[in-house]
2 protein chains.
Amino acid sequence: MSNKNVFLEKYFLMTRSEENYLKTIFHLGGGDSKSITTNAIAEQMETKPSSVTDMAKKLSEKGLVDYVRYQGVSLTDAGVKTALSIIRKHRLWEVFLVKKLDFTWDEVHEVAEQLEHIKSEKLIDKIDELLEFPKHDPHGDPIPTKDGKFQERDEKLLSEMPINSQGVCVGVKDSSVPFLKFLDKNKIALGNTIKVLDKEDFDNSLRIQMDGKEMRISHQIAANLYVKKND
Amino acid sequence: MSNKNVFLEKYFLMTRSEENYLKTIFHLGGGDSKSITTNAIAEQMETKPSSVTDMAKKLSEKGLVDYVRYQGVSLTDAGVKTALSIIRKHRLWEVFLVKKLDFTWDEVHEVAEQLEHIKSEKLIDKIDELLEFPKHDPHGDPIPTKDGKFQERDEKLLSEMPINSQGVCVGVKDSSVPFLKFLDKNKIALGNTIKVLDKEDFDNSLRIQMDGKEMRISHQIAANLYVKKND
DNA sequence: AATTAAATTTAGACAAAGCTAAAAATAGAT
DNA sequence: ATCTATTTTTAGCTTTGTCTAAATTTAATT
């Protein structure tokens, strides 16, 4: 019961629950040294704030988050690294499910949610290799590198943007007359800021916000608009 | 909190621990209506008999084992079915790891031990399909069918036999003169009963028992001898 | 600056899965 | 048939992760 291997104890032996908390904190922005409230975490994870407090203490003990009572939590460098490794696994498994097993867009999340907790570095590296080192998951979100780097591509198709992200319109893929006319008619112009509010699984159409007003656009349109992500 | 869906509650929502117990009981022979002692289970699982007793009660509650105090446990039909579905998953994942990700013989078990608990029927069916419905895992053990049938092949290569299994020598694959001379010299003849005592991971050689005496044979030999399993 | 509303933490409880130590039942040997 | 020795179970405690309800701190408003 002695303190044999602090490194192993603190960083490798993560429980499923701990990993889920780190992932959530990262997604809520707590990797940018921003403090995330216990309430926000509780809401996201569909649990109670008091449970979050308990876990915050535990993760703080392990050096994975900075936690100040009543002030919320933010990930430490070690916490960010761990969160990224889980997100990497999640997204690689999503690619695997879609590319190798013909899962659809909307089926992958639940299963990847389980697979991301499998503990084997070799396994995920081999999956990465099998998939030929994909850069993005099926939703267009970037896959962190093995050494925990986030290679955020700053130009992408609007259809690949995650929900709640926003960017400036920087180009078109289809430059046909009908398409450009459509953009003009709908006051979509280069330089406009567009925020993705929601995606409809049924037809992949998007609800977006532009210049303060909301609108819905089809997947075909979104898949031909390049935007530069800025948040 | 009402008793909404008994089927779901009893059969689908299995914990990892419950699944591991069922698998162990099956492997110890408790599927053949034979009673397995709590001590045997505890030893196999590297836990304590008292913990096994607790779980026996729980699994009995759920209708997965028959448990009589001081008499041990045996799997019910539902228990056998569940155990086989876990074993099926374990073995399919092993094949996947070896065939698709270049894992070696000895690396697969630990990872498959985790993967077997992933809950997604579609996932394992798709893996099965990807692998073109293999009949045996990398160790030569049979993969149960989706509807829980064990298709024990009664003829297999000696090199594919699991440790502690035994069979009667029924044929050769390589019928070249040098090979047959070797068999003759070592008194290995059709009709002999051979028991696999141990496998050496390093060179895949086997320690076997034949006619009461022990000997070691290379993988190349074992991979060219057909035996008919009989226990 | 004081008071109230909202957010957060503490305290105490629970279920799952395990352990230890003591009690009870079975089985083996005489 | 009785008595040990072994096996098995019970009772009570531990840890992890969760919850509820009560207490406390922060923030917002007057």
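By convention in this document, chain letters (A, B, ...) are assigned in the order of the sequence lines, proteins followed by strands, and residues within each chain are numbered from 1.
- Whole-Å rounding puts the A:Lys48 NZ to C:dA7 P distance at 14 Å.
- As rounded to whole Å, 7 Å separates atom P of D:dT18 from atom CE of A:Met45.
- For B:Phe96 and A:Phe96, the ring centers are positioned less than 6.0 Å apart.
- Distance A:Met14 CE to D:dT16 P: 14 Å, rounded to the nearest Å.
- Ring-plane geometry between B:Phe150 and B:Phe26 is classed as parallel, the angle between the planes falling under 30 degrees on a 0 to 90 degree scale with a further cut at 60.
- Nearest to the side-chain atoms of B:Tyr70 among the listed nucleotides D:dC19, D:dT10, C:dA24 stands C:dA24.
- Taking A:Arg207 as the reference, A:Asp198, A:Glu214 meet the salt bridge (Lys or Arg N to Asp or Glu O under 4.0 Å) condition, with sequence neighbours excluded.
- Applying the 3.5 Å distance criterion, the base of C:dT20 shares a donor-acceptor pair with the side chain of B:Ser50.
- A straight line from CZ of B:Arg16 to C1' of D:dT16 spans 15 Å, rounded to a whole angstrom.
- When the P atom of D:dT18 is taken as reference, atom CG of A:Asn20 falls 9 Å away, rounded to whole Å.
- Rounded to a whole Å, the CD1 atom of A:Ile41 is 9 Å from the P atom of C:dT9.
- Candidate nucleotides D:dT8, C:dT9, D:dC19 were compared by shortest atom distance to the side chain of B:Thr38, and D:dT8 ranks first.
- The closest side-chain donor-acceptor pair between A:Asn39 and A:Thr37, if any, does not fall under 3.5 angstrom.
- Between C:dT10, C:dG18, D:dT9, one nucleotide has an atom nearer to the side chain of B:Asp54 than all others, and that is C:dG18.
- Contacts of A:Ser17 with the nucleic acid, taken as non-hydrogen atoms under 4.0 Å apart, involve only primed sugar atoms and P, OP1 or OP2.
- Comparing B:Lys57 and A:Met55 by the nucleotide of DNA chain D whose heavy atom lies nearest to each, the residue mapping closer to the 5' end is B:Lys57.
- In this model, the phosphate group of C:dA24 is not approached by any side-chain N or O of B:Arg69 to a distance below 4.0 Å at OP1 or OP2.
- Nearest to the side-chain atoms of A:Thr37 among the listed nucleotides C:dT10, C:dT20, C:dT8 stands C:dT8.
- Listed nucleotides C:dA16, D:dT9, D:dT24 differ in distance to B:Pro49; the shortest reach to its side chain belongs to D:dT9.
- Looking at the side chain of B:Tyr67, the nearest of the listed nucleotides D:dT9, C:dA16, D:dT16 is D:dT9.
- As rounded to whole Å, 11 Å separates atom P of D:dT18 from atom CG of A:Leu59.
- With sequence neighbours excluded, the residues that form a salt bridge (Lys or Arg N to Asp or Glu O under 4.0 Å) with A:Glu116 are A:Lys23.
- When each of C:dT9, C:dG18, D:dT26 is scored by its nearest atom to the side-chain atoms of B:Ser51, the top-ranked nucleotide is C:dG18.
- Look at CD on B:Gln71: it is 13 Å from C1' on D:dT9, rounded to the nearest Å.
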